[in-house]
Amino acid sequence: MDKAAKYATLKAQIRSLIEGETNRVGVLANVAAAMKEVFPEEFFWVGFYLVAEEELQLGPFQGSVACMHIAKGRGVCGTAWEKDCTLIVPDVELFDGHIACSSLSRSEIVVPIHHALSGEVIGVIDIDSTSLNTFDKTDGENLEEIAKILGERVG
Ligand code: SME
């Protein structure tokens, strides 16, 4: 299966997983697990940081221990939040201010999640890979769709 087909499966799975669910932690935990199951090699760390107390706080994830707090504008996650845009980082060592939670991380994608009604950023999807150049436009577009589905459910 190519990447686009895997994302099609993943999106259908996520839609049915979260249908009618209101438990935010449970929804995000299951979505992180589904993403890791579909991309076990590509996604070394996959999870969520959520806006709370004017910072990003660690949410449900799959992968190794990660930092708990990220300030607005800090690292890839804090920058994606501040600029309100998807960031694809082909080589984290070349990203000024990258926060290295694991020395194994080599490339990364971060996608903001918006509240369905207010449009405000309520968190981000953060995915790290142990290879350089893992993420491209296909990942960006599909993860933005997943972020939209989540914004409607957990926003
Ligand atoms: N690398 C991220 C920090 C979070 S960890 O990768 C899980 C960043 O620079 O925002």
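Just follow the structure's listing: the first ligand is 1, and inside any ligand the first atom is 1. One-based numbering along the sequence shown.
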- Query: Could you walk me through whether I88 and D139 pass the side-chain contact (heavy atoms from CB on, under 4.5 Å) check?
  - Reply: CA-CA 9 Å; I88 293 175; D139 297 282; 5.7 Å; no
- Show which residues join V124 in its hydrophobic cluster (side-chain heavy-atom contacts under 4.5 Å, direct or indirect), or state none.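 Under the 4.5 Å side-chain rule, V124 groups with F44, W45, Y49, V51, L56, L58, F61, M68, I70, V76, W81, L87, V89, V92, F95, I99, L104, V110, V121.
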- Is it true that a side-chain atom of K36 and a backbone atom of F43 form a donor plus acceptor pair closer than 3.5 Å?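 Yes: the side chain of K36 pairs with the backbone of F43.
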- Under the 3.5 angstrom rule, does the side chain of S107 hit a backbone N or O of S131 as a donor-acceptor pair?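 Confirmed, S107 side chain pairs with S131 backbone.
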- Message: Applying side-chain contact (heavy atoms from CB on, under 4.5 Å) to E19 and R15, what does each step give before you reach the verdict?
- Response: CA-CA 6 Å; E19 173 84 36; R15 283 197 180 89; 5.9 Å; no
- Message: Just by distance, no angles: are the side chains of E55 and H69 close enough, under 3.5 Å, to form a donor-acceptor pair?
- Response: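 Their side chains do contain a donor-acceptor pair, which is all the 3.5 Å distance test asks for.
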For ligand 1, find each of its N or O atoms that sits under 3.5 Å from a protein N or O atom, and tabulate the pairs with distances to one decimal place.
from: ligand 1; atom 1: 1 (N); to: H98; atom 2: NE2; distance (Å): 3.2
from: ligand 1; atom 1: 1 (N); to: I99; atom 2: O; distance (Å): 2.8
from: ligand 1; atom 1: 1 (N); to: E108; atom 2: OE1; distance (Å): 3.1
from: ligand 1; atom 1: 1 (N); to: E108; atom 2: OE2; distance (Å): 3.3
from: ligand 1; atom 1: 6 (O); to: D128; atom 2: OD2; distance (Å): 2.7
from: ligand 1; atom 1: 9 (O); to: V76; atom 2: N; distance (Å): 3.0
from: ligand 1; atom 1: 9 (O); to: I99; atom 2: N; distance (Å): 2.9
from: ligand 1; atom 1: 10 (O); to: V76; atom 2: N; distance (Å): 3.0
from: ligand 1; atom 1: 10 (O); to: C77; atom 2: N; distance (Å): 2.7

